[in-house]
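Working notes, structure below.
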Amino acid sequence: MNNIKERLEALRQVMRREKLSAFIFPSTDPHHGEYVPDHWKSREWISGFNGSAGTAVVTLDKAALWTDSRYFIAAIEQLAGTGFELMKERVPGTPTISEWLGKVLREVKSPEVGIDGMVSSAADVQALMAELRHEGGITLRTNFDPLTTIWNNRPVISKDKVFLQPLGLAGESCREKLGRIRQQLRKQHADGMLVTSLDDIAWTLNMRGSDVHCNPVFVAYLLISTTKATLFIDPDKLTDDLRAYLRVEGVETDHYGMVEKGLKDYFEYNILLDANEVNYTLFKTIGREVVSGESPVKRMKAVKNESEIKGFRQAMLKDGIAMAKFLKWLKPAVEKGGQTEITVTDKLESLRAQQPLFRGTSFDTIAGYQAHGAIVHYEATPATDAPLKPEGFLLLDSGAQYQDGTTDITRTIALGRLTDEQRHIYTLVLKGHIQLSMLKFPAGASGTQLDVMARKDMWREGLNYLHGTGHGVGAFLNVHEGPHQIRMEYKPMPLAAGMTVTNEPGIYLEGKFGVRIENTLLMMPYKQTAFGEFLQFDPLTLCPIDKEPIDRNMMTAEEVAWLNDYHRRVYEMLAPHLDEEEQAWLEEACAAL
């Protein structure tokens with residue numbers, strides 16, 4: 001806490017010198033990624049809050065942090081004593097950042113607010129400028145980063161080597177992908193584009209890295225024109241073999257810091273820029289006509305090819321083997337005593353690490369026992385690490401990066417005696433998971449149109465959850481991958497065969513327990529009718545769903561049939577890879593309800 005107060009005072013000294021009334025710290029980096037390299041974790045450094053989403057705002061005498069419902073409980077704890085006030089997004093009565101600044105700077109003459117234009121998207125900055133003008137003519141400065149002078153020992157940008165994703169796993173060469181991208185650009189009447197999203201660059205080039213925690217990407221920009229492509233990257237990150245590979249695929253290289261010059265020298269008539277992805281500083285650098293639009297790479301990457309789908313199935317099989325071994329071990333270990341949220345997390349990672357092509361976790365494991373399970377993005381620390389008892393729920397949300405695929409799975413596990421309320425809530429969540437899994441839907445529908453299936457039974461009881469129901473999953477890439485989602489808020493991206501998506505409804509009772517059940521699904525053709533193509537979901541995840549907490553009286557015959565069919569498949573796929581004791585455990589775990 002003292003560190004945060006010292007940092008705030010150092011910041012305010014710089015703000016006074018620069019005549020700034022406030023400074024805004026978003027959670028993003030120059031590439032607008034969900035997870036950012038340590039070098040750009042400015043919001044965490046200034047506030048102490050380490051959630052993946054949030055914005056810190058500091059004036060000369062106040063400080064506030066905005067974040068969403070996933071992090072309310074964690075933010076209250078982490079901000080205590082720092083001088084930061086928590087602003088709960090999407091809660092009635094919570095002001096927007098602009099409204100708050102308009103109020104607290106009302107008596108300031110000609111107020112100027114700062115934000116680093118290199119880490120803020122053009123769309124966000126442009127919207128913020130308009131909002132601040134509306135709040136009394138507040139101006140926004142974008143060419144200054146105060147942390148360059150006050151963040152001592154700031155982490156450097158990684159120099160780790162990047163590596164090639166084999167064509168057998170990628171399924172399509174870099175040159176072929178660049179050809180398809182250029183075709184899409186022509187359809188959007190654009191001569192070229194700047195790719196800034198790190199996972200889009202990694203996918204396009206069939207290269208991977210280790211610059212972002214849990215995400216196999218590397219820091220770079222990719223400028224594509226009608227006849228050439230240039231990768232802007234730290235040259236120390238490339239081996240001679242990779243340089244030769246890129247030349248063969250038609251990609252030149254330049255230093256990461258030369259991207260602004262590269263944009264100034266861009267020779268085509270126009271360029272496609274996605275204002276929601278490209279940072280404001282680079283967006284304003286372009287001296288050519290800008291075609292505003294969505295990058296075509298995201299939609300291309302979202303639809304997996306045959307090699308990627310095969311890789312997913314291989315990765316999910318390995319992950320299911322590790323999960324089965326873990327679940328067989330878990331309850332006896334808890335009954336014996338000495339297990340905590342951290343020890344079971346370590347155990348699961350060790351079992352995954354035994355599988356071929358394991359490359360690490362796909363996100364930090366959420367192992368929440370009882371009340372901790374109600375904290376949606378809880379991560380155990382030595383200070384919070386709860387001992388596990390043979391009673392109640394353990395919510396375990398985890399995943400792995402295998403070079404042939406990325407996994408994401410949640411199971412809520414009964415460790416022993418449960419209350420009637422726990423069984424009721426668990427069954428509601430399971431019903432939502434199954435109803436969405438069984439759904440058949442037209443190709444081109446949006447995830448918002450599907451979302452109600454996961455919630456309808458809990459809505460009848462006035463229950464809900466505020467996070468999305470599903471997100472795309474990358475092929476040995478980011479575990480959260482767009483642009484499609486399944487959620488209440490309107491997301492118009494049309495769904496198509498070949499897309500992956502999670503199915504993870506939940507209910508969280510603060511201070512008591514949480515329940516979430518998640519599989520990763522593949523969208524596949526269902527049937528062609530006079531009304532068009534219809535799709536269905538195929539579960540990629542192979543792992544038993546705990547039957548112990550189910551209230552059988554709440555389940556329909558159709559839901560029971562789906563669960564039995566799923567468990568039959570899980571057993572048939574996993575059993576050949578387990579020893580006799582593990583097979584016996586799995587047979588019981590997958591027995592018909």
Side-chain angles (χ1 to χ4, degrees), residues 313 316-339 343-345 347-348 350-352 354-355 367 369-370 373 388-398 407 409-420 422-431 433-434 437-438 503 513 515-520 539-593:
R313 295 195 185 280
M316 295 290 176
L317 175 63
K318 291 181 289 191
D319 213 54
I321 294 167
M323 284 294 301
K325 291 175 179 289
F326 171 80
L327 291 173
K328 175 186 178 296
W329 166 88
L330 178 61
K331 290 184 183 180
V334 170
E335 290 169 359
K336 190 178 296 184
Q339 299 300 325
T343 65
V344 297
T345 296
K347 175 68 174 181
L348 178 54
S350 72
L351 290 169
R352 283 183 163 130
Q354 297 172 15
Q355 297 299 316
Y369 178 59
Q370 292 289 68
L388 305 186
K389 302 176 183 178
E391 62 184 31
F393 278 141
L394 172 67
L395 189 156
L396 189 66
D397 188 348
S398 65
T407 70
I409 175 176
T410 306
R411 291 294 183 263
T412 302
I413 306 145
L415 297 182
R417 181 176 54 83
L418 300 174
T419 65
D420 290 343
Q422 286 173 319
R423 294 183 183 279
H424 185 79
I425 294 297
Y426 182 93
T427 310
L428 280 176
V429 173
L430 177 59
K431 286 169 67 69
H433 177 91
I434 294 174
S437 297
M438 293 191 301
N503 173 5
F513 63 91
V515 174
R516 183 163 64 253
I517 300 171
E518 174 188 19
N519 279 351
T520 300
L540 291 170
T541 303
L542 299 169
C543 179
I545 295 171
D546 196 350
K547 304 192 302 285
E548 168 58 28
I550 296 174
D551 182 343
R552 180 65 178 79
N553 294 324
M554 295 172 60
M555 300 280 285
T556 67
E558 188 180 33
E559 290 165 350
V560 170
W562 181 93
L563 185 62
N564 289 341
D565 286 343
Y566 174 70
H567 276 152
R568 187 180 305 111
R569 177 178 178 179
V570 169
Y571 181 78
E572 290 173 353
M573 294 294 292
L574 297 185
H577 305 278
L578 302 174
D579 64 30
E580 288 187 11
E581 287 189 10
E582 292 162 346
Q583 286 180 1
W585 174 88
L586 184 65
E587 185 175 17
E588 175 59 29
C590 294
L593 191 64

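Computed from a predicted model, the values in this text were never measured in an experiment.
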- Query: Is the closest side-chain heavy-atom distance between Ile550 and Leu563 below 4.5 Å?
  - Reply: yes
- Taking every non-hydrogen atom, the tightest pair across Thr427 and Pro549: OG1-O, 3.8 Å
- Message: Within a 6.0 Å radius of atom CE on Met573, are there more than 12 heavy atoms belonging to other residues, nucleotides or ligands?
- Response: no
- Query: Between the main-chain N or O of Asn503 and the side-chain N or O of Glu518, is there a donor-acceptor pair closer than 3.5 Å?
  - Reply: no
- Message: Please determine whether side-chain contact (heavy atoms from CB on, under 4.5 Å) holds for the pair Leu396 and Thr410, giving the CA-CA distance in whole Å, both sets of side-chain angles, and the decisive distance to 0.1 Å.
- Response: CA-CA 5 Å; Leu396 189 66; Thr410 306; 6.0 Å; no
- Query: If you measure from CG on Leu327 to CG on Leu351, what distance do you get to the nearest 0.5 Å?
  - Reply: 10.0 Å
- Do Ser437 side-chain atoms and His433 backbone N/O form a donor-acceptor pair below 3.5 Å? yes
- Close side-chain approach of Ser350 and Phe326, heavy atoms under 4.5 Å: no
- Query: Do Lys331 side-chain atoms and Pro390 backbone N/O form a donor-acceptor pair below 3.5 Å?
  - Reply: no
- Smallest heavy-atom separation, Leu395 atom then Gly373 atom, equals CD1-O, 3.6 Å
- Between the side chain of Thr412 and the main-chain N/O of Arg516, is any donor-acceptor distance below 3.5 Å? yes
- In Å and rounded to the nearest 0.5 Å, what is the CG to OH distance from Leu388 to Tyr369? 7.0 Å
- Verify, without hydrogens or angle tests, whether Gln583 (side chain) and Leu578 (backbone) share a donor-acceptor contact under 3.5 angstrom. yes
- Ile545 and His567: CA distance, side-chain angles, deciding distance, side-chain contact (heavy atoms from CB on, under 4.5 Å) verdict: CA-CA 8 Å; Ile545 295 171; His567 276 152; 3.9 Å; yes
- Does anything in residues 548-558 pair up under salt bridge (Lys or Arg N to Asp or Glu O under 4.0 Å), and if so which pairs, sequence neighbours excluded? Arg423-Glu548
- Message: Holding to salt bridge (Lys or Arg N to Asp or Glu O under 4.0 Å), I want the full list of residues that pass it with Glu581, two or more places apart in sequence or in another chain.
- Response: Lys328
- Note on the structure: For Leu593 and Lys547, the nearest pair of non-hydrogen atoms, with its separation, is CD1-CD, 4.1 Å
- Item | Sequence-distant partners of Arg313, side-chain hydrogen bond (donor to acceptor under 3.5 Å, both in side chains), two or more places apart | Asp538
- Note on the structure: dist Met323:CE -> Leu586:CG (nearest 0.5 Å) comes out at 12.0 Å
- In this structure, CD1 of Ile425 is separated from CG of Asp420 (nearest 0.5 Å) by 11.5 Å
- Item | Pair Tyr426 and Phe393, ring centroids less than 6.0 Å apart | yes
- Query: Is Asp565 close to Arg569 at the side-chain level, that is, under 4.5 Å between some pair of heavy atoms?
  - Reply: no
- Message: Looking at Glu391, I want to see if its CD is surrounded by more than 12 non-hydrogen atoms of other residues, nucleotides or ligands under 6.0 Å.
- Response: yes
- Item | Smallest separation among heavy atoms of Asn564 and Ala591, with atom names | OD1-O, 4.5 Å
- Message: Using every non-hydrogen atom in the two residues, find where Val344 and Ala367 come nearest and quote the distance to one decimal.
- Response: CG2-CB, 4.5 Å
- Query: Which residues pass the side-chain hydrogen bond (donor to acceptor under 3.5 Å, both in side chains) test with Gln370, sequence neighbours left out?
  - Reply: Gln422
- Any chance you could measure Ile409, atom CD1, to Leu540, atom CG, to the nearest 0.5 Å? 11.5 Å
- Message: Between Tyr566 and Ile434, is there a side-chain heavy-atom distance shorter than 4.5 Å?
- Response: no
- Approximate separation, where rounding is to 0.5 Å, of Ile413 CD1 and Leu394 CG: 5.0 Å
- Could you walk me through whether Thr556 and Lys431 pass side-chain contact (heavy atoms from CB on, under 4.5 Å), step by step? CA-CA 9 Å; Thr556 67; Lys431 286 169 67 69; 4.1 Å; yes
- Query: Side-chain donor-acceptor pair under 3.5 Å between Asn519 and Arg411, yes or no?
  - Reply: yes
- Item | Closest heavy-atom pair and its distance - Gly320, Leu574 | O-CD1, 3.6 Å
- Task: Not counting sequence neighbours, list each pair that qualifies as a ring-ring contact (aromatic ring centres under 6.0 Å, His included) and has a residue in residues 569-592.
- Result: none
- Task: Among residues two or more places apart or on two chains, list those pairs meeting side chain to side chain donor-acceptor pair (under 3.5 Å) that have a residue in residues 317-326.
- Result: Lys318-Asp404, Asp319-Arg352, Asp319-Tyr402, Asp319-Thr407, Lys325-Glu582
